[in-house]
Amino acid sequence: MRGESLKGHLDLLVLAVLAAGPLHGYAVIEALRERSEQAFDLPEGTVYPVLHRLERAGLLASNWDTSRGRRRRTYCLTTPGRGAFEAERLAWNEFAAAMSRVVRGPAWSPT
Amino acid sequence: VEPDLIDSYVTALRGRLGWRGDVDDIVDEMADHLHEHVEHLVARGEPHAEAQRHAVPGSSGSVQPVAWLVSGVAAVAGGYSSVLVSWSLRRYEIWVGTLTVAFALTTLTIAGVLLRTGRLRTGRLRTPSGWAVVSVGVLATAVTYPEIAARAKALRVAS
């Protein structure tokens, strides 16, 4: 699934994978791919700008450490970020349920 | 020895983003991402060199904007050269007007694409704007080729 199809939902997706615990950028991309069962295979050019934007907004925090001789940046949810995630998740569940009811439609019966 | 594509890419990235205050963070994060990606592919059985080519943007034979830039400018320049002969004044004016507009649009579009992607040498041409550039280049070539061919034929006959 292309990034364009997910516009508007990327923030929630990133917050959701980070709600399980801190991850570095590549692990965020892998988590999105695995948790979506390969449906969301997003390029780095899509995911990193979201991470940086959410950090600027105060919803994520990042820390630098060293792993295998490389500097590594790890992201985690802040307290406001966790609150935003819960609110966004609730709104999404309501939206998805309403969409599902409409798209599914009434049972069809031949007359 | 296979050149280290990640090092080359990261060096080029540092050069492009040198004006930013957070260039070290961006470059280090990208380098970590690429190394992680390569290690992931190698763990799945891919040879290291092949894994690098898959992981590093623009190193797997993708179309390079600079190549399109050169071909587009060459096509338009070819169009200009075809009008520098003794045509009727009216025809000459139409050609110059058409090609001037085409040249301006092509240049502006290419500049916009390159500024947005920031990938003059290594980026992939994936955006609709990028394909618009290609279309303009192909169109300019298609429009100008018959005139160039006719002029070449006339020159051959004259000689």
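Numbered from 1 within each chain, the chains take letters A, B, ... in sequence-line order.
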Test: A:Arg70 and B:Glu36 ion pair at under 4.0 Å:
yes

Would A:Leu10 end up clustered with A:Leu23 when hydrophobic side chains under 4.5 Å apart are linked, directly or stepwise?
yes

How long is the straight-line distance from NE2 of B:His33 back to CD1 of A:Ile29, given to the nearest 0.5 Å?
4.5 Å

Can you check whether B:His35 and A:Tyr26 have ring centres sitting under 6.0 Å from each other?
no

Count I, L, V, M, F, W, Y as connected when their side-chain heavy atoms are under 4.5 Å apart, and connections chain through other members. Are A:Leu12 and A:Tyr75 then in the same cluster?
yes

Rounded to the nearest 0.5 Å, how far does CZ of A:Arg72 lie from CD of B:Glu29?
10.5 Å

Should B:Val23 and B:Leu34 be counted in the same cluster of Ile, Leu, Val, Met, Phe, Trp and Tyr side chains packed under 4.5 Å apart?
yes

The reported gap from CH2 in A:Trp64 to CG in B:Asp24 (rounded to nearest 0.5 angstrom) is 9.0 Å

Tell me whether A:Leu15 shares a hydrophobic cluster with A:Leu90, the cluster being built from Ile, Leu, Val, Met, Phe, Trp, Tyr side chains joined at under 4.5 Å.
no

Answer yes when B:Asp25 and A:Arg71 have at least one side-chain N-carboxylate O distance shorter than 4.0 Å, and no when they do not.
yes

Single-linkage hydrophobic cluster, 4.5 Å side-chain cutoff, B:Val56 and B:Leu17 together
yes

